[in-house]
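Just so it is clear, the structure is predicted and the values come from calculations on it, not from any experiment. A, B, ... follow the sequence lines: proteins, then strands. Residue 1 opens every chain.
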Number of protein chains: 4
Amino acid sequence: MTPIQEFFKQEMSRRGDLTSKQKQILEASLTLFAEKGFEKTSTADIAAMAGVAEGTVYRHYKTKRELLLAVLAPLMAVMPNMVAEFDENTVRKPITTLQEFVQNLVRDRLEFLDVNYKEVKVLAGELLFNTDLRREFINSLLSKTEVFSDLTKTLDRLKAEGKVVDWPTDLILQFTLSTLIGFVGRQFIELPSELTKDQREKMTVAFLVKGLTP
Amino acid sequence: MTPIQEFFKQEMSRRGDLTSKQKQILEASLTLFAEKGFEKTSTADIAAMAGVAEGTVYRHYKTKRELLLAVLAPLMAVMPNMVAEFDENTVRKPITTLQEFVQNLVRDRLEFLDVNYKEVKVLAGELLFNTDLRREFINSLLSKTEVFSDLTKTLDRLKAEGKVVDWPTDLILQFTLSTLIGFVGRQFIELPSELTKDQREKMTVAFLVKGLTP
Amino acid sequence: MTPIQEFFKQEMSRRGDLTSKQKQILEASLTLFAEKGFEKTSTADIAAMAGVAEGTVYRHYKTKRELLLAVLAPLMAVMPNMVAEFDENTVRKPITTLQEFVQNLVRDRLEFLDVNYKEVKVLAGELLFNTDLRREFINSLLSKTEVFSDLTKTLDRLKAEGKVVDWPTDLILQFTLSTLIGFVGRQFIELPSELTKDQREKMTVAFLVKGLTP
Amino acid sequence: MTPIQEFFKQEMSRRGDLTSKQKQILEASLTLFAEKGFEKTSTADIAAMAGVAEGTVYRHYKTKRELLLAVLAPLMAVMPNMVAEFDENTVRKPITTLQEFVQNLVRDRLEFLDVNYKEVKVLAGELLFNTDLRREFINSLLSKTEVFSDLTKTLDRLKAEGKVVDWPTDLILQFTLSTLIGFVGRQFIELPSELTKDQREKMTVAFLVKGLTP
DNA sequence: AATGAATGAGATTTCATTCAT
DNA sequence: CATGAATGAAATCTCATTCAT
């Protein structure tokens with residue numbers, strides 16, 4: 001399992017105390033929110049899919065919005081790490097080339113986005129129009145990406161060695177993330193392609209490596 | 001005005017026959033949909049902001065959803081062009097370098113996204129969960145990007161001249177669009193930056209040019 | 001019409017702008033609140049009795065509680081006058097004896113309580129447990145009973161002439177009001193009596209006159 | 001302890017068999033019913049304040065209404081006595097003057113109303129809208145006030161001696177009770193006063209004595 | 001065409017009561 | 001006995017849509 005997946009698993013396991021009904025409710029909520037969007041999902045829908053009475057939903061979550069937050073909580077906790085963390089320890093040898101850096105990053109994050117597809121979709125829909133949540137999200141993101149994050153350190157080292165273009169770290173991350181999101185987004189809208197996913201992944205790495213080489 | 005802007009203006013001007021009330025209604029709808037999302041906007045909100053009775057809204061648009069489509073129509077008509085069209089005629093001399101190509105593309109598209117920010121936001125929110133609209137959008141997009149579009153032709157020429165990496169056109173467009181969307185998205189979430197917008201735009205062009213050079 | 005009734009009528013007529021549906025809704029609410037109490041009355045009950053859709057109720061009153069306040073508003077506005085006002089002008093000749101004073105007061109107020117029985121009952125039930133409303137009520141009451149009210153002046157004159165016991169005005173009013181409320185309350189609980197209402201009214205006046213004579 | 005207090009204590013002590021949990025439940029119910037009213041108090045509130053599971057409440061009382069009745073039972077049993085009983089034995093010498101009569105009555109009943117303030121408030125709220133309970137209450141009241149009650153006998157004696165006005169007993173009691181209730185009600189609504197409670201009590205006695213003297 | 005009051009279907013939420021543990 | 005999760009019926013409230021004026 002990749003590092004980010006690992007983080008997420010831990011975050012989810014903090015829910016170890018959830019009863020089985022609660023898990024069913026969260027599961028159904030996630031699925032329906034991802035499918036139809038939060039607003040168009042009724043609590044009746046959720047209760048039905050969870051195999052639970054509607055009152056039971058409200059016993060566990062005071063409001064529908066609270067249920068949404070419960071669904072998003074683990075993701076909200078982990079997403080900033082997606083941008084900031086880059087644990088070199090999980091790689092056998094230290095990162096010495098941009099190629100290695102990008103390759104590890106892409107593989108790790110892509111798998112995460114792929115596996116947690118539903119959560120990400122729900123979060124995206126929410127961030128689009130919910131100003132408060134967006135602000136909160138950005139703040140936690142900023143606090144994580146600060147100077148001393150692993151990723152910043154690795155990038156700074158590579159910059160110092162002339163192996164990465166000397167642009168601000170946040171811009172480099174912006175380019176990287178955009179490209180990753182584009183990759184996943186493309187799958188989402190189910191555009192056909194003459195290439196396999198693996199081939200596209202390789203080209204994506206190549207694109208990023210070239211684009212970020214000085 | 002950039003070519004895409006030009007298209008959009010024409011598209012909008014087809015509304016020339018709209019009464020002023022209709023324009024007010026569309027304007028209010030757009031603003032509110034962009035602000036709170038389609039589902040959370042009530043027709044009462046719209047009528048109030050448009051300074052019109054609720055019944056009047058329904059006189060012009062049979063349902064709320066129809067109003068949404070009316071708001072999105074010009075964008076839906078134009079967006080595929082954003083991906084496919086690349087009018088070399090608007091440039092003094094024909095495109096001979098990747099640098100020129102990317103620079104024109106970026107300038108044109110960025111300004112469009114910037115100016116039509118609200119429409120794009122509403123469309124994004126809608127595409128996220130509305131499968132039908134998404135399918136329709138993708139289809140019109142595919143039909144436009146096909147072999148004979150201006151952009152495809154230009155890219156093919158550059159590829160043939162060894163000035164662009166030999167990847168499928170759709171992948172090149174994916175990388176380009178992702179990067180542009182990342183640029184605009186960054187403004188949307190209002191992340192602070194030590195660079196000016198102009199500087200970021202230059203680096204974005206540089207990133208794309210390097211990334212797409214063979 | 002007695003003075004207090006007159007006030008109330010005026011207060012109600014400020015509602016002249018109410019549509020007929022609104023009046024039906026208020027009427028039904030008042031009746032049901034008085035019959036079963038506010039909490040036990042459902043908005044479905046109200047809509048049914050008013051011959052109106054449930055949504056219509058909410059079109060006019062944002063919440064059920066707001067409807068209650070609308071029902072109580074004219075009474076809340078008028079009640080303090082019940083305690084404070086004593087318009088000698090409505091009596092042919094000026095009040096010169098305690099007997100006259102009490103008699104006028106009793107007749108006036110009893111009729112009001114009798115006619116506006118439902119409103120008073122609803123208000124009583126609300127004041128019992130609604131601390132906020134109670135405080136508001138008391139404040140408006142205090143502000144009205146202050147030194148310069150007609151009633152205070154009349155009482156002070158009678159005190160100065162040795163025609164009324166020299167107790168604080170508020171205590172005299174307390175005794176009077178209690179006795180009146182007891183009179184009405186007795187009717188409310190439908191206790192049988194060997195006397196006619198007229199006889200009881202006379203004795204009530206006699207009791208007050210004696211009790212308040214120095 | 002005054003006679004009425006004594007009665008009440010005995011009535012309460014019939015609950016001697018109650019487990020401590022039951023007592024907690026009754027206690028919490030009483031407090032909450034008095035504070036927010038019966039309808040606005042949820043069984044969850046009660047369970048929480050009693051420090052007991054919600055199921056436990058229902059183990060002891062089949063329905064919420066039964067719980068209300070349990071709370072009111074001792075008061076319902078005693079209230080008629082408040083109106084009817086007047087135990088001369090608790091006074092050293094027999095009552096010979098109206099002054100003595102009223103003074104004893106006032107002191108006794110006022111303290112009771114004061115101490116059992118919560119119960120009375122809950123009962124009042126209930127009698128206001130619950131027709132059945134009201135009827136039951138009145139019936140038990142009538143059956144007690146009948147010809148041979150202590151109070152009736154004492155009053156008849158005083159009337160015969162020309163020491164009390166010759167009005168029907170029930171009217172005399174009405175005036176007395178109203179005045180007492182007004183006294184307590186005034187404390188309830190927390191009207192400020194320039195007099196001490198003792199002074200007001202004295203004036204209340206004086207008012208009643210004068211009002212009831214032939 | 002325009003209005004805005006009225007509608008009713010459906011959404012969210014509450015809560016007395018039951019029941020398996 | 002005690003618990004507290006689960007229930008479901010009913011309450012409050014929202015809102016897209018209709019319609020008489």
Side-chain angles (χ1 to χ4, degrees), chain A residues 18-22 24-25 39-47 50-67, chain B residues 19-22 24-25 38-48 50-68, chain C residues 18-22 24-25 39-47 50-67, chain D residues 19-22 24-25 38-48 50-68:
Chain A
L18 295 193
T19 72
S20 81
K21 299 246 168 186
Q22 276 197 67
Q24 290 164 43
I25 292 169
E39 299 291 346
K40 294 208 68 169
T41 303
S42 74
T43 50
D45 289 344
I46 294 171
V52 149
E54 214 168 339
T56 308
V57 174
Y58 281 89
R59 182 142 292 278
H60 292 293
Y61 303 95
K62 276 209 294 289
T63 65
K64 192 185 160 197
R65 182 143 289 272
E66 195 169 281
L67 182 53
Chain B
T19 71
S20 83
K21 298 241 169 188
Q22 278 194 69
Q24 290 163 41
I25 291 169
F38 174 71
E39 298 292 345
K40 294 207 67 174
T41 301
S42 72
T43 49
D45 288 343
I46 294 170
V52 148
E54 218 171 333
T56 308
V57 174
Y58 279 87
R59 183 145 298 281
H60 292 291
Y61 302 94
K62 275 211 298 289
T63 67
K64 192 184 162 196
R65 183 143 292 272
E66 196 168 282
L67 186 51
L68 173 69
Chain C
L18 295 192
T19 72
S20 80
K21 299 246 168 187
Q22 274 196 68
Q24 290 163 44
I25 291 169
E39 300 290 346
K40 294 209 68 171
T41 301
S42 74
T43 49
D45 290 342
I46 294 170
V52 148
E54 211 168 341
T56 307
V57 175
Y58 280 91
R59 181 142 292 277
H60 292 293
Y61 303 94
K62 276 209 295 291
T63 65
K64 193 186 159 197
R65 182 145 290 272
E66 196 169 280
L67 182 52
Chain D
T19 70
S20 80
K21 299 239 169 190
Q22 280 196 65
Q24 290 164 43
I25 291 169
F38 174 71
E39 299 291 345
K40 293 207 68 171
T41 301
S42 72
T43 49
D45 287 345
I46 294 170
V52 149
E54 218 171 332
T56 308
V57 174
Y58 279 86
R59 184 145 297 282
H60 292 292
Y61 303 94
K62 275 212 297 288
T63 67
K64 192 185 162 197
R65 184 143 289 273
E66 195 167 283
L67 185 52
L68 171 69

Nearest-Å distance, [atom1] ([X]) to [atom2] ([N])?
X: A:Ile46; N: F:dG8; atom1: CD1; atom2: C1'; answer: 17 Å
X: D:Tyr61; N: F:dC1; atom1: OH; atom2: P; answer: 13 Å
X: B:Leu67; N: F:dT17; atom1: CG; atom2: C1'; answer: 13 Å

- Message: Using 0.5 Å steps for rounding, measure from the OG1 atom of A:Thr43 to the CG atom of A:Leu67.
- Response: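 Between A:Thr43 OG1 and A:Leu67 CG, I get 9.0 Å after rounding to 0.5 Å.
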- Would you give the length of the straight line joining atom CD1 of A:Ile46 to atom CD of A:Gln24, rounded to the nearest 0.5 angstrom?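 Going from CD1 on A:Ile46 over to CD on A:Gln24, the span is 13.5 Å.
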- Message: Which residues in residues 51-59 of chain C have a heavy atom closer than 4.0 Å to any atom of DNA chain E?
- Response: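 Per residue number, the list reads C:Val52, C:Ala53, C:Gly55, C:Thr56, C:Arg59.
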- Message: When both hydrogen-bonding distances must be under 3.5 Å and the geometry is Watson-Crick or G-U wobble, what is E:dA1 paired with, if anything?
- Response: none
- Note on the structure: As its Watson-Crick or G-U partner within any shown strand, both distances under 3.5 Å, E:dA20 has F:dT3
[X] side-chain N/O to [N] phosphate OP1/OP2 under 4.0 Å:
X: A:Lys62; N: E:dT14; value: no
X: C:Thr43; N: F:dT12; value: yes
X: B:Lys21; N: E:dT3; value: yes
X: C:His60; N: E:dA6; value: yes

- Message: Counting the atoms with a prime plus P, OP1 and OP2 as sugar-phosphate, which does C:Ser20 contact under 4.0 Å by heavy atoms, base, sugar-phosphate, or nothing?
- Response: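 The residue C:Ser20 makes no contact with any strand.
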- Item | Position toward the 5' end of DNA chain F (nearest nucleotide), C:Ser42 or B:Ser42 |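 Looking at DNA chain F, the more 5' nearest nucleotide goes with C:Ser42.
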- Would A:Glu39 and B:Phe38 count as a side-chain contact (heavy atoms from CB on, under 4.5 Å) if you check the C-alpha gap in whole Å, the side-chain angles of each, and the deciding distance to 0.1 Å? CA-CA 9 Å; A:Glu39 299 291 346; B:Phe38 174 71; over 6 Å; no
